[in-house]
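The structure appears right after this line, and notes come after that.
All values below were derived from every heavy atom in this structure, side-chain atoms included, with hydrogens, water molecules and symmetry-related copies excluded. Lettering of chains follows the sequences in order, A, B, ..., and the numbering in each one begins at 1.
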Amino acid sequence: MIELAGINRIFTVGDTKVHALADISLDVKTGEYISIMGPSGSGKSTLLNTIGLLDQPDSGKYLLEDREVTKLNDVEQAQIRRERIGFVFQFFHLVPRLTAAENVELPLVLSGITPTERRKRVGDILGVLGLSERAHHRPDQLSGGQRQRVAIARATVTNPAVLLADEPTGNLDRSSGNDVVSILEELNHQGLTLIMVTHDPELGRRASRRIRMEDGRITRDSLHENA
Amino acid sequence: MKTLDIINFATSALSGYKLRTSLMLLAMAIGVASVIVLTSLGEGARRYVTNQFASLGTNMLIVLPGRSETTGGPPPLTGETPRDLTLDDALSLYRSHAVRYVAPVSVGSAPVSWRQREREVPILGSTSIMLHVRHLQMSRGSFLPETDPTRAISVCVLGSTLAKELFGNITPIGEWVRIGDSRFRVIGVLASEGVSLGLDMDDLAIIPVASALSLFNTNSLFRILVEPRDYSLLTRTKKIILDTIRARHEGEDDVTVISQDAVLATFDKIFLALTMSVGGIGAISLIVAGILIMNVMLVAVSQRTAEIGLLKALGAPASQIMVLFLTETAFLALAGAFIGLLLAYLSNWLVMQAYPDFPVHAPLWALIAGVGVALVTGLLFGFIPARRAAQLDPVTSLSRR
Ligand SMILES: Nc1ncnc2c1ncn2[C@@H]1O[C@H](COP(=O)(O)OP(=O)(O)OP(=O)(O)O)[C@@H](O)[C@H]1O
Ligand SMILES: [Mg+2]
């Protein structure tokens, strides 16, 4: 589903060049559960942002569902982000003035879906994630775990093809972190492709495919039986 | 994104930051209000002057001694002074069919006294016709009698203030007052008229024109007021007057005839220009408001970087972000303009309560211009922050906390 070939991403800061992604090639099949680990600065986030079309590679080829997406313009890329990609961030990134339900509704609003349809889908997903009680709370009235669950609801309410999670538990304690990962795994069981960056080896080991990055390169890529 | 959703998003963003929004609204409202209030005052001044003229009758011609300077022509070689405008000149105008009223006017100043009380006031010399041409009302007695204008009879009509100052509660009719060195019998008191074209009609005395000329020991009239039989005869009457006087003055064109219309048109122009320029001053405050909105919106964009990055990550193209932020400023401008309108009407109302005589009026063009300029400045100055928001890099905006 995702095919990366010879992807390079170079940041120039002053005189120095940082090779954030160095000749990355990667194939991801539908329904896979991938964890990406590696030291800080190894390019994990940059890789995720490239897959999620938030960042443009300097060279290389990227096919998403057999479409060469790097050649698309801003409007077309935005449409793919809207319909095919879900993002979950370490810092949740909920809009503080909007309620949980309104935050979840946001991608549907951007897609121009009718209010009735929106309300139904938001209600459904909040129910699935056990957030129905919290629908009308604002982010500052929610716990960290609840916030991240709202963010997951927002990322999946559009039925994307792939869910990209960048350290989704980085700001949570172990127990709510485990809850969040369980939810992600449950969504993966239902067929959603899941790529998760984590610093926690224990969480990383739960994935069936484990990728290790160092200095912008993939140094290990191994398949495992699910724990 | 649906239009309604765009509006909802913009208003929720605005109501999410109440202090900032109300400051921007205030700036916009003051800008719009000042445009409208300033132009209303200018328009009020214009109407005030117009009304003053209208109360004199706009179809009146005024004959002044001396040639109008505006016509150019060679300067007089001998430095001659213009010939006097005499009572006989005025009488000669009676003969024309085109003329309905002729009122010779002589003006001077003299002390008016009754018993121990004395008051220095303007003395107006005229005829019974004055009552009609200046639309005067009597509160007591009668106006000057309809007699031969060349006869100096010793009667006078007092303005209401003068009558009160001299006589207090005593009825002045029939009493003899001293004006200058002569004695005059009071035959009437004017109703309160207020100030008309700079002359306080309440604080003067009116005597027959012949009496006034002998009182001031002169032959020269201040001016002659002429009212044509019909408004359409205005230009013809003007020519008749000039021809008649020229014939009497040995072929010299030494009088000026002005019509109220011309004066009015000039005042109208002056006040329109005045109104537009004060409106322009108001517009500057609108632009200041626009700049304030721009700065505050730039701050808003940098404060909401994460939100903008998120919207991009969720699939909003740059153009959509642009539209969202422009909608916010458009809303600020519109709502600010609306509040400004209310403010303007409120202050106009207050001015009208304080000065009921002054016809404050918000001209329609000022309303349209005020609101239009508000919207244009809002969008113009909102453009830069909106573009900055649209161009934000989602990765860097999301990496910041
Ligand atoms: N916008 C940028 N400008 C300059 N350099 C950047 C930028 N973004 C990333 N980098 C550099 O690219 C390299 C990879 O960054 P990236 O964020 O992908 O690392 P990471 O593996 O996600 O690290 P971490 O575990 O700390 O999140 C780092 O050296 C970083 O300094
Ligand atoms: Mg990272």
Largest heavy-atom contact set with chain A, pairs under 4.5 Å, which of B/A13, B/S319, B/G16: B/A13
Cut-off 4.5 Å, heavy atoms of chain A, and the answer for B/L311 is both
Flag if over 12 foreign heavy atoms under 6.0 Å of CZ, B/R388: no
Answer key: most heavy-atom pairs under 4.5 Å with chain B among A/R118, A/E102, A/Q77, A/Q79 is A/R118
Side-chain heavy-atom pair B/F9, A/L106 within 4.5 angstrom cut-off: yes
Is the OH atom of B/Y17 crowded by more than 12 outside heavy atoms at less than 6.0 Å? yes
Looking at B/L314 and A/R154, what are the two nearest heavy atoms and their distance? CD1-CD, 3.8 Å
Are A/T114 and B/K2 close enough, and set up right, to give a side-chain contact (heavy atoms from CB on, under 4.5 Å), and what steps lead you there? CA-CA 8 Å; A/T114 61; B/K2 292 193 187 321; 4.1 Å; yes
Reported CZ-to-CG distance for the pair A/F87 and B/L310, which is rounded to 0.5 angstrom: 10.5 Å
Does atom CG (A/D215) have a neighbourhood of more than 12 heavy atoms from anything else shown, all under 6.0 Å? no
Over 12 non-hydrogen atoms of neighbours within 6.0 angstrom of CH2 in B/W349: no
Determine, step by step, whether A/V109 and B/N8 satisfy the side-chain contact (heavy atoms from CB on, under 4.5 Å) criterion, reporting the C-alpha distance in whole Å, the side-chain angles of both residues, the deciding distance to 0.1 Å, and the verdict. CA-CA 10 Å; A/V109 170; B/N8 277 338; over 6 Å; no
Can you confirm whether more than 12 heavy atoms, excluding those of A/N73, are under 6.0 Å from its CG atom? yes
Around B/Y355, counting heavy atoms of other residues, nucleotides and ligands shown, do more than 12 lie under 6.0 Å from its OH? no
Against chain B, work out which of A/T158, A/V75, A/N49, A/I113 has the most heavy-atom pairs shorter than 4.5 Å and name it. A/N49
So with a 6.0 Å cut-off around CZ of B/R20, is the heavy-atom count from everything else above 12? yes
Spacing of B/D5 atom CG and A/L110 atom CG [to the nearest 0.5 Å]: 9.0 Å
Do the non-hydrogen side-chain atoms of B/P317 and A/R81 ever get within less than 4.5 Å of each other? no
Interatomic spacing from OG in B/S399 to CG in A/D166 - rounded to 0.5 Å: 10.5 Å
Given that the side chain runs from C-beta out, which part of A/R97 has a heavy atom under 4.5 Å from chain B: side chain, backbone, both or neither? side chain
For chain A, which of B/A316, B/P394, B/A313, B/S15 has the most heavy-atom pairs under 4.5 Å? B/A313
Heavy-atom closest pair, residues A/D74 and B/A318: OD2-N, 2.9 Å
